[in-house]
Amino acid sequence: MKLRQTLLITLVTIILASCGTTSVVPITGRKQRLSYTDEQMLGLALNEYKQYTVASKLSTNATNTAMVKRVGQRLANAVNTYLTQNGFADRVSSFQWEFNLLAENQQNAFCMPGGKIVVYEGLLPVTKDEASLAIVLGHEIAHAVARHSAEQLSKQERAQTGTQILGGVLSGVGLGDTGSLIMTGINLGTQLTQLHGSRSNESEADYMGLIFSAMAGYDPNTALTFWQRMAAQSSGGGASFLSTHPSDEKRIADIKKHLPEAMKYYQKSTGASTGTTTTPAGTQTQGTIRIK
């Protein structure tokens with residue numbers, strides 16, 4: 001009986017593994033299986049983004065709005081250049097970068113596929129300057145570049161399909177209560193796997209965003225003080241294991257680990273290695289954030 005159950009689960013795994021196409025994440029080189037194309041994701045995102053921005057209230061603060069757009073476009077230009085020069089030129093056309101500031105007091109920002117990014121005014125008191133805002137926007141841009149939305153949708157689709165297939169197979173071979181127990185275990189395991197995948201995506205976006213910010217000429221060391229401010233704002237946190245985001249402590253520790261690499265990009269982008277550093281303008285503003 002145990003052998004038959006193992007063979008059935010293995011068969012479903014093989015079927016699901018053959019679905020989708022393999023994609024490589026820039027910067028990290030991680031491979032992912034995607035069931036959705038950039039065109040499909042962009043089509044979904046454009047409609048949702050338009051509806052969301054129409055229903056929301058854009059910020060009336062012209063200075064802060066201009067800052068969000070300026071920093072965002074500077075990052076987008078650096079990312080497009082990197083992709084073009086490193087074998088990902090075909091992906092550049094799938095991005096329609098747009099950066100908007102909404103008049104809501106949330107410590108948050110989010111990104112939709114294709115580069116549609118929203119920042120809430122409540123973010124700005126914590127970011128405080130352009131370099132910290134670049135850390136946030138770099139993180140959001142990374143979600144788009146790494147195709148995280150398509151990846152999560154693909155995983156959910158495969159999980160649902162796998163559960164349906166396996167449920168039918170178990171029913172067909174007459175495993176009865178044993179089959180129900182197997183399905184319960186698989187459903188729980190799938191939920192935990194998806195949580196881990198989401199946390200992995202967030203950590204990957206932190207790393208990639210740090211590199212993108214450095215490429216655009218923003219000092220990556222800013223990320224440490226920014227996330228320390230965010231940690232101070234946090235109201236108790238919860239277990240990192242069952243969270244879709246890394247804990248503040250893990251996030252800061254990972255950033256410290258990646259800083260030496262990010263500094264190489266920063267020195268190259270600013271000319272610091274030759275003694276001609278150009279520091280980005282740091283406009284002091286008000287703001288705050290809980291990144292997704």
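All values reported here derive from a predicted model rather than from experimental measurement. The figures here come from the full heavy-atom set of this structure, side chains too, leaving out hydrogens, waters and symmetry mates. Residue numbers start at 1 and run along the sequence shown.
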Query - Heavy-atom donor-acceptor pair, Tyr49 side chain to Ile117 backbone, under 3.5 Å - result: yes

Requested in this report: Could you label the plane-to-plane angle of the Trp97 and Phe99 rings as parallel, tilted or perpendicular, counting under 30° as parallel and over 60° as perpendicular?
Outcome: parallel

Query raised in the report: Are side-chain N/O atoms of Arg229 and Ser132 paired as donor and acceptor at under 3.5 Å?
Result: yes

Query raised in the report: How long is the gap from CG on Leu101 to OG1 on Thr63, to the nearest 0.5 Å?
Result: 11.0 Å

Query raised in the report: Hey, which of Lys69, Lys50, Lys116 is the one that makes salt bridge (Lys or Arg N to Asp or Glu O under 4.0 Å) with Glu98?
Result: Lys116

Query raised in the report: Looking only at side chains, do Asn201 and Gln152 share a donor and an acceptor under 3.5 Å apart?
Result: yes

Requested in this report: Over all heavy atoms of both residues, which pair between Gly138 and Leu75 is shortest? Give the atoms and the distance, please.
Outcome: N-CD1, 3.8 Å

Requested in this report: Starting at CE of Met67, measure out to CG of Asn64 and round the result to the nearest 0.5 Å.
Outcome: 4.5 Å

Query raised in the report: Do Asn221 and Met263 have side-chain heavy atoms sitting under 4.5 Å apart?
Result: yes

Query raised in the report: Would you call Asn47 and Gln51 a side-chain contact if the rule is heavy atoms closer than 4.5 Å?
Result: yes

Query raised in the report: Is Ser200 close to Arg30 at the side-chain level, that is, under 4.5 Å between some pair of heavy atoms?
Result: no

Query raised in the report: Would you say Leu42 and Ser94 make side-chain contact, with heavy atoms under 4.5 Å?
Result: no

Query - Check: Thr22/Arg33 side-chain N/O donor and acceptor closer than 3.5 Å - result: yes

Query raised in the report: Hey, any chance Ile211 and Phe95 share a hydrophobic cluster, counting ILVMFWY side chains that come within less than 4.5 Å of each other, even indirectly?
Result: yes

Report task. Determine, step by step, whether Leu224 and Ile252 satisfy the side-chain contact (heavy atoms from CB on, under 4.5 Å) criterion, reporting the C-alpha distance in whole Å, the side-chain angles of both residues, the deciding distance to 0.1 Å, and the verdict. Result -> CA-CA 6 Å; Leu224 284 178; Ile252 291 171; 3.9 Å; yes

Requested in this report: Not counting sequence neighbours, which residues clear ring-ring contact (aromatic ring centres under 6.0 Å, His included) with Tyr265? List them please.
Outcome: none

**Report entry** Transitive ILVMFWY side-chain link Val79 to Val24, under 4.5 Å
**Finding:** no

Report summary line: Heavy atoms of Pro220 and Leu210 approach each other most closely as O-CD1, 3.6 Å

Report task. Examine the side chains of Ser203 and Asp206 and answer whether a donor and an acceptor come within less than 3.5 Å of each other. Result -> no

Query raised in the report: If you round to the nearest 0.5 Å, how far is CG of Asp254 from CH2 of Trp227?
Result: 11.5 Å

Requested in this report: Please name the pair of heavy atoms, one in Gly72 and one in Ile141, separated by the smallest distance, quoted to 0.1 Å.
Outcome: O-CD1, 4.2 Å

Query raised in the report: Would you call Glu202 and Arg251 a salt bridge, taking side-chain N to carboxylate O under 4.0 Å as the test?
Result: yes

**Report entry** Where Pro113 and Ala45 come nearest, the two heavy atoms and their spacing
**Finding:** O-CB, 3.2 Å

Query raised in the report: Minimum heavy-atom separation for Thr222 to Ala131, with atom names?
Result: OG1-CB, 3.6 Å

**Report entry** Minimum-distance pair of heavy atoms, taken over all atoms of Glu121 and Ala103
**Finding:** OE1-CA, 3.3 Å

Query - Side-chain donor/acceptor of Ser269 to backbone N/O of Ala214, under 3.5 Å - result: yes

**Report entry** Carboxylate-amine/guanidinium proximity below 4.0 Å for Glu130 and Arg74
**Finding:** no

Report summary line: Distance col, row Thr127:OG1 vs Ile135:CD1, nearest 0.5 angstrom, shows 11.0 Å

Query raised in the report: Can you tell if the side chain of Asn100 reaches within under 4.5 Å of the side chain of Val119, non-hydrogen atoms only?
Result: no

Query raised in the report: Quick one: CD on Gln267 to CG on Asp219, what's the gap to the nearest 0.5 Å?
Result: 10.0 Å

Query raised in the report: Under 4.5 Å between side-chain heavy atoms, hopping through other hydrophobics if needed: is there a path connecting Phe88 to Val145?
Result: yes

Query raised in the report: Between Lys31, Glu151, Met208, which is the residue that forms a side-chain contact (heavy atoms from CB on, under 4.5 Å) with Val25?
Result: Met208

Requested in this report: Indicate whether any N or O donor in one side chain lies under 3.5 Å from an N or O acceptor in the other, for Arg147 and Ser154.
Outcome: no

Query raised in the report: Which word best sums up how the rings of Tyr120 and Phe110 line up, parallel for under 30°, tilted for 30 to 60°, or perpendicular for over 60°?
Result: tilted

Requested in this report: Would you confirm whether Ser213, through its side chain, and Tyr218, through its main-chain N or O, come within 3.5 Å as a donor-acceptor pair?
Outcome: no

Query raised in the report: Say you draw a straight line from NZ of Lys155 to NE2 of His148; how long is it, rounded to the nearest 0.5 Å?
Result: 8.5 Å

Query raised in the report: Is there a donor-acceptor contact under 3.5 Å from the side chain of Gln40 to the main chain of Thr37?
Result: yes

Query raised in the report: Does Leu259 share a hydrophobic cluster with Ile27, counting links as ILVMFWY side-chain heavy atoms below 4.5 Å and allowing steps through other members?
Result: yes

Query - Transitive ILVMFWY side-chain link Tyr82 to Val92, under 4.5 Å - result: yes

Query raised in the report: Does the side chain of Thr225 come within less than 4.5 Å of Lys128's, by heavy atoms?
Result: no

